[in-house]
Amino acid sequence: MKAFYADEQKRHDPKAFLSSGAPQPNLEKPERVERLLAGARAAGCEIERPAAFGLGPVAAVHPPEYLDFLEHLYTRWRRIEGASEEVIPNIHPMGRDGSYPASAVGQAGYHMADTACPISAETWDSALWSAWSAVSAADAVLAGRSSAYALCRPPGHHAFVDIAGGFCFLNNSAIAAQRLRNEARRVAILDVDLHHGNGTQGIFYARSDVLTVSIHADPVRFYPFFWGHADERGEGPGLGYNLNLPLKRKSGDEVFLDALDGALRRIGAFAPDALVVALGLDPFEGDPFGGLSVSTQGFARIGAAIAGLRLPTVVVQEGGYLCDALGDNLASFLGGFEAAA
Ligand SMILES: [Zn+2]
């Protein structure tokens, strides 16, 4: 399988985030890239550098106000006397339909959902190249390849149209899906990350041309808490085009694969022309988040089941954090997918 990744994606190096109110080392470390590259190579991928596409494919999903914010906020933030090294918000609007603040502090609160997406000097560049990896993978599929893998880092599925959150800035899976829409009439996004793909859901919530399906740990007691519940089905023309399949904490392979059956049935009924897999490897039993208990072998079965859809497929990397098996889990998923494709 062809894979896409640029070294600029490694520069973003967030230092901290708040976990239960306490500052902790940020888990979205550049070192993840080395493990994922090793896993992709073990699965036979040739790694290619994505093209630099400019803002076009990103602006097809994210509004200019937000892109301007991401590109320039850090410089403005550092002009504030006594400001922190990384941008971390400390105030949020109760609603988002009021006036737009002019100050960097106000805008940080407006555009950042939580403290897990600190912005530093390198963030914009890394996020942009990460998005371009997704666009390149989508283009490879549009050019006739049956599948392609985008090693996206930083990840994207918690990023809404104009809100960063949960280690995410630009929604790579949504950007890939929108790119595929240039030629595909209907696109499905299947999110198998441990955490609900709330940003992706939000972006397409009122649309019927992109089906969003997410399997994840039940948000009733897990991040992102306010989205990912089974009764969120879409709105307006998008009603019936969003499916959430929350799982009990510590669910293992059999429960996950059972939910995946339902997800694949729904995707089949949508009859899409192309598929985006938002591939989180953090449902793994040894992942530091410890939310679900999928095994390394389980990822091969997940990949094989998804390949059974026989759809042109863009695999976009989402979460999955440092543990000994991180690379093996990617190799297992991609190997299972290719063997069954
Ligand atoms: Zn995750």
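- Apart from Phe225 itself, the hydrophobic cluster it occupies contains Phe160, Ile163, Tyr223, Phe226, Trp227, where clustering links Ile, Leu, Val, Met, Phe, Trp and Tyr at side-chain heavy-atom distances under 4.5 Å.
- Neither Leu211 nor Leu239 shares a network with the other; the hydrophobic side chains, linked directly or stepwise wherever heavy atoms of I, L, V, M, F, W or Y lie under 4.5 Å apart, form separate groups for each.
- Contact annotation: the side chain of Leu151 never approaches that of Leu330 to less than 4.5 Å [non-hydrogen atoms, C-beta and beyond].
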Legend entry - Stepwise side chain to side chain contact (heavy atoms under 4.5 Å, CB included) test for Val213 and Asn242: CA-CA 6 Å; Val213 178; Asn242 184 74; over 6 Å; no
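- Checked by atom type and distance alone, the side chain of Trp77 pairs as donor or acceptor with a backbone atom of Ser84 at under 3.5 Å.
- For the atom pair CG of Asp328 and CD of Gln297, the computed distance is 11.5 Å after rounding to the nearest 0.5 Å.
- The minimum heavy-atom distance linking Asn172 with Ala134 is given by the pair O-CB, 3.6 Å.
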Inset, instruction - Give the intermediate values and the outcome of side chain to side chain contact (heavy atoms under 4.5 Å, CB included) for residues Glu31 and Leu322. - result: CA-CA 8 Å; Glu31 192 190 336; Leu322 289 182; 3.5 Å; yes
Legend entry - Test side chain to side chain donor-acceptor pair (under 3.5 Å) applied to His195 and Asp282, step by step: CA-CA 8 Å; His195 305 95; Asp282 45 4; 3.2 Å; yes
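- Note that CH2 of Trp132 and SG of Cys152 are 13.0 Å apart. Values are rounded to the nearest 0.5 Å.
- Paired with Asn244 under the rule side-chain hydrogen bond (donor to acceptor under 3.5 Å, both in side chains), one option of His216, Glu232, His229 passes, and it is Glu232.
- Of the possible polar contacts, none joining the Ser133 side chain to the Ala131 backbone as a donor-acceptor pair under 3.5 Å is found.
- The ring of Phe289 has its center closer than 6.0 angstrom to the ring center of Tyr321.
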Could you tabulate the donor-acceptor pairs under 3.5 Å formed by side-chain atoms of residues 182-190, not counting sequence neighbours?
unit_1 : atom_1 : unit_2 : atom_2 : d
Arg186 : NE     : Phe270 : O      : 3.0
Arg186 : NE     : Ala271 : O      : 3.4
Arg186 : NH2    : Ala271 : O      : 3.1

Inset, instruction - Go through the steps to decide whether Thr212 and Asp191 satisfy the test side chain to side chain contact (heavy atoms under 4.5 Å, CB included), and finish with yes or no. - result: CA-CA 8 Å; Thr212 45; Asp191 190 318; over 6 Å; no
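- When all heavy atoms are compared, the tightest approach of Ala148 to Val141 is N-CG2, 3.9 Å.
- Among residues at least two apart or in separate chains, salt bridge (charged side-chain N to carboxylate O under 4.0 Å, His left out) pairs with a member in residues 240-259 are Glu254-Arg301.
- Between Tyr241 and Arg266 the shortest side-chain heavy-atom distance does not fall below 4.5 Å.
- The shortest non-hydrogen separation linking Gly291 to Phe222 is CA-CZ, 4.0 Å.
- Cluster membership for Ile306 and Val276, using ILVMFWY side-chain heavy atoms within less than 4.5 angstrom, is not shared.
- Arg41 is listed as a side-chain neighbour of Leu37, based on a closest heavy-atom distance under 4.5 Å.
- Two residues are said to be in side-chain contact when any heavy atoms from C-beta on lie closer than 4.5 Å; Cys168 and Cys117 fail this criterion.
- Closest of all the heavy-atom pairs between Ala137 and Ala150 is CB-CB, 3.9 Å.
- Checked by atom type and distance alone, the side chain of Arg11 never pairs as donor or acceptor with a backbone atom of Pro30 at under 3.5 Å.
- Both Phe299 and Met1 sit in one connected hydrophobic cluster of ILVMFWY residues. Membership requires side-chain heavy atoms under 4.5 Å apart, directly or through other members.
- Remark: the backbone N or O of Ala159 is paired with a side-chain donor or acceptor of Asn171 at under 3.5 angstrom.
- Proximity of a side-chain donor or acceptor of His92 to a complementary backbone N or O of Gly109 within less than 3.5 Å is detected.
- Residues Leu70 and Asp68 fail the side-chain proximity criterion, which asks for heavy atoms closer than 4.5 Å.
- Leu334 and Leu260 end up in the same hydrophobic cluster when Ile, Leu, Val, Met, Phe, Trp and Tyr side chains are linked at under 4.5 Å.
- Under the side-chain hydrogen bond (donor to acceptor under 3.5 Å, both in side chains) criterion, Glu34 pairs with Lys10, sequence neighbours left out.
- For Glu71, the salt bridge (Lys or Arg N to Asp or Glu O under 4.0 Å) criterion is met by no residue, not counting sequence neighbours.
- One hydrophobic cluster, built from ILVMFWY side chains closer than 4.5 Å, holds both Tyr149 and Leu275.
- Taking the six-membered ring where the residue is Trp, Phe333 and Phe337 present parallel rings, their angle staying beneath 30° rather than reaching 60°.
- Listed by chain and number, the hydrophobic cluster partners of Met94 come to none, as no ILVMFWY side chain reaches under 4.5 Å of it.
- Remark: the backbone N or O of Ser120 is paired with a side-chain donor or acceptor of Thr123 at under 3.5 angstrom.
- Proximity of a side-chain donor or acceptor of Ser293 to a complementary backbone N or O of Gly252 within less than 3.5 Å is not detected.
- Taking 4.5 Å as the limit, every side-chain heavy atom of Pro283 sits out of range of all side-chain heavy atoms of Asp193.
- In terms of modelled atom types and a separation under 3.5 Å, the side chain of Ser146 and the main chain of Pro312 share no donor-acceptor contact.
- Every residue meeting the ring pair (Phe, Tyr, Trp, His ring centres under 6.0 Å) condition with Tyr66, not counting sequence neighbours, appears here in chain and number order: His62, His111.
- Not counting sequence neighbours, Tyr74 has no partner by the ring pair (Phe, Tyr, Trp, His ring centres under 6.0 Å) test.
- Side-chain atoms of His196 come within 3.5 Å of backbone atoms of Gly228 as a donor-acceptor pair (strictly under, hydrogens ignored).
- To the nearest 0.5 Å, the span separating CG on Leu194 from CD on Glu318 amounts to 12.5 Å.
- Separating the CD atom in Glu122 from the CH2 atom in Trp129 is a distance of 14.0 Å, to the nearest 0.5 Å.
- Looking at residues two or more places apart in sequence or on another chain, you find a side-chain hydrogen bond (donor to acceptor under 3.5 Å, both in side chains) between Arg49 and Glu8.
- In plain terms, the two heavy atoms of Pro246 and Asp218 that are nearest each other are CB-CA, 3.7 Å.
- Here the side chain of Gln317 pairs a donor or acceptor atom with the backbone of Gly319 at under 3.5 angstrom.
- Using a 4.5 Å heavy-atom threshold, the side chains of Gln201 and His157 count as separate.
- The salt bridge (Lys or Arg N to Asp or Glu O under 4.0 Å) search around Asp114 returns none, not counting sequence neighbours.
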Could you give the side-chain donor-acceptor pairs of residues 13-23 under 3.5 Å, partners two or more places apart or in another chain?
unit_1 : atom_1 : unit_2 : atom_2 : d
Asp13  : OD2    : Lys15  : NZ     : 2.9
Lys15  : NZ     : Asp13  : O      : 3.4

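- The two residues Ala263 and Leu243 make their nearest non-hydrogen contact at CA-CD2, 4.4 Å.
- Listed by chain and number, the residues in a side-chain hydrogen bond (donor to acceptor under 3.5 Å, both in side chains) with Asp209 are Arg181, Arg207 (sequence neighbours excluded).
- For the pair Arg179/Val314, no side-chain contact is recorded, criterion being any heavy-atom separation below 4.5 Å from C-beta on.
- Of the inter-residue distances, the one linking Lys29 atom NZ with Asn26 atom CG reads 6.5 Å to the nearest 0.5 angstrom.
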